[in-house]
Amino acid sequence: MKYSTDFLKGLSALTEGNYEKAASFLKNAAMDNKERIEAYYTAGLVFKKLGQYDKAAYVIETILRSDDVDSHTKRTLNVELGKIMFAAGNFKQAAKQLEMTSDPDGIMLKAKALRETGQFDEAANTYKSLARMTGMNLDNEIGYCYYRCVVTDKQEGYTKCFAQALKYIPKSRVLRMALIDQHLLEGRGAKAVEEIESFIQDGLTATHHDMMKFQTIFFDEGKFEWLVRHCLKRINAGSDNPFNYTYVISRYLSTGNKDKAEAFIDRYVKNFGPTNIIARASLSIEHNAMLALVLEHADFYKCTACGSTAKDYSDTCKACHSFETLKPM
């Protein structure tokens, strides 16, 4: 089988990582012999690598229009075109191109594209099919889709979606917080208190605001010391959640017991090492201008999925869009 010089030079440039040069040679090779799809396809991949998605899509679409391409190759090319559309941010077209794919990577991308276009119920079903096919644990992805159904569908199907979301992600902070709010809305204060205790036990507290909200609920139920007792119970059980500590510290400071507050700062650092959240709590005991300045520009959360950091908590990572992956750092 004979390949053109431009095609071989293009492959050589590709292996060297010189994508601009590779694109130039492969384009020439494709124009030189339009019946050979190798140069077209490789050029398309290079354009995709360069972020030139319009050119990449044009190349793949040109091959798909050829009468010489068999059905198996067309399915492969449609998946590749779907990947290009997804990378370009054209999620609707990506989902359409990936509609008939049976490739696990293609199905995963299809589910993501459906999620991006707001078709959460269909996305959940696609994730479930993929999980059955591959044995992958996609509970978080499925649960997130049902959670989004809850958010977007306040009336019809709300209860069903909420139950489905909790089934797949029973330790979801946002869902469990919504359950607490639902108990309160329906006048079930005692159930809300029970859910808060379970919430803290599962280590879901993510902000000091969570604790302040819980304190108000406990106080309204006449359980004035229950929250601090529950936090102490979790600390004694070995919990590394810093917000159990910061709440206990704030309560000791509110009664003027500075020594006890300092003891809990020391205890956390000894067991788990220093963190920005504990460092910030220490400023309530004794102000340190240098530390305050550092913390003013510091991040307090880190995404377990992509490693990016954030100053404030969010249910979705702003960098990689993963759900509930921000953890105190």
**Q** Less than 4.5 Å apart, side chain to side chain, heavy atoms only: is that true for F300 and T309?
**A** no
**Q** Would a hydrophobic clustering, with Ile, Leu, Val, Met, Phe, Trp and Tyr connected at side-chain separations under 4.5 Å, put F162 with Y168?
**A** no
**Q** If you draw a 6.0 Å radius around CD in Q182, do more than 12 non-hydrogen atoms from other residues or ligands fall strictly inside?
**A** yes
**Q** Picking from T275, I277, T246, what satisfies side chain to side chain contact (heavy atoms under 4.5 Å, CB included) with Y268?
**A** T275
**Q** Judged by atom type as modelled, is there a donor-acceptor pair below 3.5 Å linking the side chain of Y301 to the main-chain atoms of S314?
**A** no
**Q** Going from CE on M108 to OH on Y127, what distance comes out if it is rounded to the nearest 0.5 angstrom?
**A** 6.0 Å
**Q** Apply side chain to side chain donor-acceptor pair (under 3.5 Å) to residues S102 and R75 and explain how you reach the verdict.
**A** CA-CA 9 Å; S102 58; R75 282 196 297 272; 5.5 Å; no
**Q** Does M133 CE have over 12 foreign heavy atoms under 6.0 Å away?
**A** yes
**Q** For D202 and L204, indicate whether the former's side chain and the latter's backbone hold a donor-acceptor pair under 3.5 Å.
**A** no
**Q** Any side-chain heavy atom of K233 sitting closer than 4.5 Å to one from I200?
**A** no
**Q** Step through the shown structure and confirm whether more than 12 heavy atoms of other residues, nucleotides or ligands are within 6.0 Å of CD on E61.
**A** yes
**Q** With a 6.0 Å cut-off (strictly less than), is the heavy-atom count around CZ of F219, excluding the residue itself, greater than 12?
**A** yes
**Q** Do other residues, nucleotides or ligands put more than 12 heavy atoms under 6.0 Å from the CG atom of N236?
**A** yes
**Q** Taking the side chain as everything from C-beta on, heavy atoms only, tell me whether S308 gets closer than 4.5 Å to C317.
**A** yes
**Q** Looking only at heavy atoms, what is the nearest atom pair of I249 and I265, with distance?
**A** CD1-CD1, 3.5 Å
**Q** Would you call K327-D240 a salt bridge at under 4.0 Å N-O?
**A** no
**Q** Can you tell me how far apart CD1 (I196) and CD1 (I217) are? Round to the nearest 0.5 Å.
**A** 3.5 Å
**Q** Distance check, rounded to the nearest 0.5 Å: L77 atom CG versus L64 atom CG?
**A** 5.0 Å
**Q** Between L179 and L175, does the side-chain contact (heavy atoms from CB on, under 4.5 Å) criterion hold? Intermediate values first, please.
**A** CA-CA 6 Å; L179 192 57; L175 288 171; over 6 Å; no
**Q** Between Y53 and F47, does the ring centroid distance fall short of 6.0 Å?
**A** no
**Q** For a quick test of reading the model, state the closest non-hydrogen atom pair linking D139 to I169 and the distance between them.
**A** O-CG2, 3.9 Å
**Q** At their closest point, which heavy atom of Q201 faces which heavy atom of H230, and how far apart are they?
**A** N-NE2, 4.2 Å
**Q** Walk me through whether E262 and D259 qualify under side-chain contact (heavy atoms from CB on, under 4.5 Å).
**A** CA-CA 5 Å; E262 285 180 338; D259 291 341; 4.0 Å; yes
**Q** Is there a donor-acceptor contact under 3.5 Å from the side chain of K311 to the main chain of A298?
**A** yes
**Q** Can you confirm whether E186 is buried at CD, in the sense that more than 12 heavy atoms of other residues, nucleotides or ligands lie under 6.0 Å from that atom?
**A** yes
**Q** Can you see whether S198 engages R176 through a side-chain donor-acceptor pair at a distance of less than 3.5 angstrom?
**A** yes
**Q** I need the minimum non-hydrogen distance between L326 and Y313, along with the two atoms involved.
**A** O-CE1, 3.5 Å
**Q** Might you work through the ring pair (Phe, Tyr, Trp, His ring centres under 6.0 Å) test for F214 and F199, ending with a clear yes or no?
**A** CA-CA 10 Å; F214 297 158; F199 186 101; 5.3 Å; yes
**Q** So does K128 have more than 12 non-hydrogen atoms from other groups sitting under 6.0 Å from NZ?
**A** yes
**Q** Which pair of non-hydrogen atoms, one from L253 and one from K258, has the smallest distance, and what is that distance?
**A** CD2-CA, 4.2 Å
**Q** Go through N241 and T205 one step at a time and tell me if the side chain to side chain donor-acceptor pair (under 3.5 Å) criterion holds.
**A** CA-CA 7 Å; N241 189 307; T205 312; 4.6 Å; no
**Q** For A111 and T126, which heavy atoms make the closest approach, and how far apart are they?
**A** CB-CG2, 3.8 Å
**Q** Does K302, at its NZ atom, have more than 12 non-hydrogen atoms belonging to other residues, nucleotides or ligands within less than 6.0 Å?
**A** no
**Q** Measure from the ring center of F323 to the ring center of Y147 and say whether it is less than 6.0 Å.
**A** yes
**Q** Within the distance-only criterion (no hydrogens, no angle test), does the side chain of K48 pair as donor or acceptor with the backbone N or O of L81 below 3.5 angstrom?
**A** no
**Q** Can you list the residues that meet the side-chain hydrogen bond (donor to acceptor under 3.5 Å, both in side chains) rule with E324, with sequence neighbours excluded?
**A** S172
**Q** Report the C-alpha distance between F224 and F218 in whole Å, list the side-chain angles of each, state the deciding distance to 0.1 Å, and finish with yes or no for ring pair (Phe, Tyr, Trp, His ring centres under 6.0 Å).
**A** CA-CA 6 Å; F224 303 108; F218 273 83; over 10 Å; no
**Q** Mind checking the CG-SG spacing from L166 to C161? Nearest 0.5 Å is all I need.
**A** 11.5 Å
**Q** To the closest 0.5 Å, what do you measure between OH (Y245) and CD1 (I278)?
**A** 8.0 Å
**Q** CG/L295 to CG/L283 distance, rounded to the nearest 0.5 angstrom?
**A** 5.5 Å
**Q** Donor-acceptor pair, T76 side chain versus H72 backbone, under 3.5 Å?
**A** yes
**Q** In the single-linkage hydrophobic clustering (I, L, V, M, F, W, Y; side-chain heavy atoms under 4.5 Å), do L227 and M177 co-cluster?
**A** yes
**Q** Look at the side chain of S250 and the backbone N and O of Y247, then say whether any donor-acceptor pair between them is shorter than 3.5 Å.
**A** yes
**Q** Can W226 be reached from V248 by stepping across I, L, V, M, F, W or Y side chains whose heavy atoms are under 4.5 Å apart?
**A** yes
